[in-house]
Amino acid sequence: MVSFSFVRFLEGYYIVLITKRRKMADIGGHAVYKIEDTNMIYIPNDSVRISHPDEARYLRIFQNVDLSSNFYFSYSYDLSHSLQYNLTVLRMPLEMLKSETTQTRQESFDIFEDEGLITQGGNGVFGISSEPYMKYVWNGELLDIIKNTVHRDWLLYIIHGFCGQSKLLIYGRPVYVTLIARRSSKFAGTRFLKRGANCEGDVANEVETEQMLCDASVMSFTAGSYSSYVQVRGSVPLYWSQDISTMMPKPPITLDQADPFAHVAALHFDQMLQRFGSPIIVLNLVKEREKRKHERILSEELVAAVTYLNQFLPPEHTIIYIPWDMAKYTKSKLCNVLDRLNVIAESVVKKTGFFVNRPDSYCSILRPDEKWNELGGCVIPTGRLQTGVLRTNCVDCLDRTNTAQFMVGKCALAYQLYSLGLIDKPNLQFDTDAVRLFEELYEDHGDTLSLQYGGSQLVHRVKTYRKIAPWTQHSKDIMQTLSRYYSNAFSDADRQDSINLFLGVFHPTEGKPHLWELPTDFYLHHKNTMRLLPTRRSYTYWWTPEVIKHLPLPYDEVICAANLKKLVVKKFHKYEEEIDIHNEFFRPYELSSFDDTFCLAMTSSARDFMPKTVGIDPSPFTVRKPDETGKSVLGNKNNREEAVLQRKTAASAPPPPSEEAVSSSSEDDSGTDREEEGSVSQRSTPVKMTDLGDSAKVTENVVQPMKEVYGINLSDGLSEEDLSIYLRFVQLGQSQHKQDKSSQQFCSRCPDGVIKLTPISAFSQDNIYEVQPPKVDRKSTEIFHAHIQASQGIMQPLGKEDTSMYREYIRNRYL
């Protein structure tokens, strides 16, 4: 049970406790949990409680925010920052913080902690932690009142969005693909009630999506190989809105305020330059040609704002604007939408680069690739840094945006795999197990964000733009559109009130209007309407001076005095749970079972996507036929018995029907159940029920020849060689009794060819009272110690034999 917030309405304080959690991902041995259930407890005693008639209503509005739906936390990993920040800034030498160390020690002095460290024989460990990035923290206001009072362990920050992790098996080598989406808590809300930007440059529906790749054979951040790529989505940074009182499916777009000097866009892009560096690439998917102006209003204003701001920036750091009418290309039968998106994705990834914590592998030097040499970003001795970011938007930032982000993420994934030496060229094709796994992650990601902002799942998916979606997808799209319209018209207002109260945008105060009495929340989110305007920035030098000096590097990751103040030196015992990765990952003090093990329950490319027939190339980068898939037909996996049954029968089950052959209308139900029950993020094809008259047809389609499934047909006669091997095996099984050498003379009665075995233990003492393990020779001990040192990042120098063997392998394979 963990507390993560304190809240007060009109009476006393409540404490909000997390009573149930579920592991969703593992990042470098640090567990990421999803909140499953919470409990609110009123702190003051009932004897001193002074009841207020509106307290219960505020409590009900606050609890409308479903904390069991896509809220995540970690005890030891900062989810509000990117992996690049956590592995670069937080791993700087401790000597650079000597001046901060003394100050922090005095401020957070704890006599019991110091005493504990001394009594353990000087086992204290110092580390660096950072303040969370409050833009993506959703309980920052709820913890603000106790932040400077309680111990730091009481401060558990949570994020809202999406978290999913899948296992990509490359010939048995596990690679974890993780997708984390951080929804901004600034100017947050629902679809039609939050559009554009507020006066501080925060935009509606702003989500930072980070895809991580790690070689799971070594989980440590120090010795392991990690890579990440970040991209952003968000509403068009202008003052605009849509009036939903007209009850129209597409309300007209209205520009609320004239902004000739692009003041709000300047504030927004200044934030992005500070967090991501340059270049900032804007991919605008809004329609450009319409009979009646609707979306085109936003395109014209956005291009004017970017053009104005760029004339003052240095040429090498200007904002790159890419307009592309995705809807127009989708309607055309001659154009392939995803091919065009792939060209855009290649140019974007080459400009921004990506993060990897390892220098370029030797194989990339032996087999240089043209695209790899053109890659941008910043190359440092310890790896690569991503500089700049792609910002994608349409009107809602849902369907079109999710597909565009998937294509960019797919391109970046190829470069990430190449940088870790897992593929020979930075290119991934559709209909491979790796891309199918990644596409499923992105569809779950898009469905979750669409439900949070729009009230329904995605209407158009990647299959829709590939034009391979089944015909039943059209009826499903209609239902999702109706669900989205109903949610926007009837339930979004209540959801918006709950978000405003939860995030602390509105504070209940005695004697002032209540939340439900306000005609609009415009004044709550635009603070310049409630007080005198601060000093306005320059219309020409619209950026923060310190930010522009360090470009293309992001200012937040530059070592300077302002950033050093955000870092805190913490002191732990070296066996403390927060820094003991072994205990946190393996949990040796807990009773566990294989069925509950997270690494076995997560989606796996080999179990869930690779066909089960013999003779299939097990590589996840092999292109499969559209009807080849290893997806399970068990449907919803919430039931534990079904999950266990699936794992037991996965190896021998015949391949199920293709995804397109099964009605996709049921996928909505499974997706909804998965959202409500909080199951593992994994889409599975439901079973299609048939009557008895069709049973013969179903059997004919599903059952395959024994030769294809097992590689042998038992009805054929065995060869002499196979028969002799089988007889020898039977004879070995019949010779299980012990026999001394002295009794071999009595073997004349045994049939010819029967081998008598004498099982001898390798232990010198092996009985129920004593077991003496065998001694390990010196060479085996040295090999074991070298393996342990390799897991800690201490590599043994290669010998002459190893070097010559590797060169011979490269010469025979590639030269």
Side-chain angles (χ1 to χ4, degrees), residues 2 4 18 21-36 70-92 125-133 136-137 139 152-167 174-182 208 210-228 230 355-358 567-568 570-590 592 596-602 680-681 791-793:
V2 182
F4 72 95
I18 301 174
R21 70 185 185 188
R22 182 161 58 87
K23 188 174 180 179
M24 293 299 297
D26 191 281
I27 304 174
H30 302 271
V32 179
Y33 297 100
K34 176 180 177 291
I35 298 176
E36 290 283 289
N70 309 117
F71 283 89
Y72 306 92
F73 70 94
S74 176
Y75 297 111
S76 53
Y77 182 81
D78 188 357
L79 291 173
S80 66
H81 284 291
S82 64
L83 183 70
Q84 175 173 314
Y85 181 92
N86 290 333
L87 291 190
T88 54
V89 176
L90 300 187
R91 292 182 63 183
M92 68 173 65
V125 176
F126 288 91
I128 303 173
S129 66
S130 173
E131 294 180 2
Y133 193 64
Y136 298 116
V137 173
N139 62 335
R152 59 175 179 262
D153 292 343
W154 282 81
L155 303 178
L156 184 67
Y157 296 100
I158 63 174
I159 66 168
H160 184 40
F162 173 79
C163 180
Q165 190 173 59
S166 298
K167 184 193 302 179
V175 176
Y176 285 177
V177 182
T178 311
L179 201 63
I180 295 180
R182 309 174 184 94
E208 179 182 299
E210 181 179 19
Q211 63 186 56
M212 304 180 192
L213 195 73
C214 74
D215 187 349
S217 23
V218 180
M219 296 297 294
S220 168
F221 277 143
T222 306
S225 300
Y226 288 84
S227 177
S228 72
V230 178
F355 168 72
V356 63
N357 72 333
R358 285 279 176 259
L567 304 179
V568 179
K570 285 188 176 183
K571 183 169 58 176
F572 304 92
H573 189 273
K574 69 177 182 179
Y575 297 115
E576 193 166 339
E577 181 179 357
E578 189 172 351
I579 61 172
D580 192 345
I581 304 302
H582 179 273
N583 283 349
E584 183 178 356
F585 182 75
F586 291 103
R587 300 280 177 176
Y589 47 83
E590 293 182 2
S592 59
D596 297 329
T597 304
F598 172 73
C599 59
L600 297 180
M602 73 168 67
V680 177
S681 174
S791 66
Q792 299 173 352

If you take all heavy atoms of [X] and [Y], which pair is closest and at what distance?
| X | Y | value |
| --- | --- | --- |
| M24 | C163 | CE-O, 3.5 Å |
| K23 | A31 | CE-CB, 3.8 Å |
| A25 | T178 | CB-CG2, 4.3 Å |
| R358 | T222 | NH2-O, 3.0 Å |
| L79 | S74 | CD1-N, 3.9 Å |

- Note: R182-E208 ion pair, threshold 4.0 Å (strictly below): yes

- Task: Compare all side-chain heavy atoms of V356 with those of L213 and state whether any distance is below 4.5 angstrom.
- Result: no

- Sub-4.5 Å side-chain heavy-atom contact between L87 and F355: yes

- Message: Just checking H30 against F221, ring centres under 6.0 Å apart?
- Response: yes

- Task: Examine F73 together with Y75 and report whether their ring centres are nearer than 6.0 Å.
- Result: yes

- Query: Y226 and L83: side chain to side chain contact (heavy atoms under 4.5 Å, CB included), yes or no, with the steps?
  - Reply: CA-CA 9 Å; Y226 288 84; L83 183 70; 4.0 Å; yes

Donor-acceptor pair, [X] side chain versus [Y] backbone, under 3.5 Å?
| X | Y | value |
| --- | --- | --- |
| S80 | V137 | no |
| N357 | G224 | yes |
| H81 | S130 | no |
| Q165 | L179 | no |
| N139 | L156 | yes |
| S225 | C214 | no |

- Message: Less than 3.5 Å apart, any donor N or O on the side chain of S82 or Y133 sitting next to an acceptor on the other?
- Response: no

- Task: Please determine, by modelled atom types, if Y77 and N86 share a side-chain donor-acceptor pair under 3.5 angstrom.
- Result: yes

To the nearest 0.5 Å, tell me how far [X] [atom1] sits from [Y] [atom2].
| X | Y | atom1 | atom2 | answer |
| --- | --- | --- | --- | --- |
| N70 | F162 | CG | CZ | 8.5 Å |
| M212 | Q84 | CE | CD | 11.5 Å |
| H160 | I35 | NE2 | CD1 | 10.5 Å |
| F71 | I158 | CZ | CD1 | 5.5 Å |

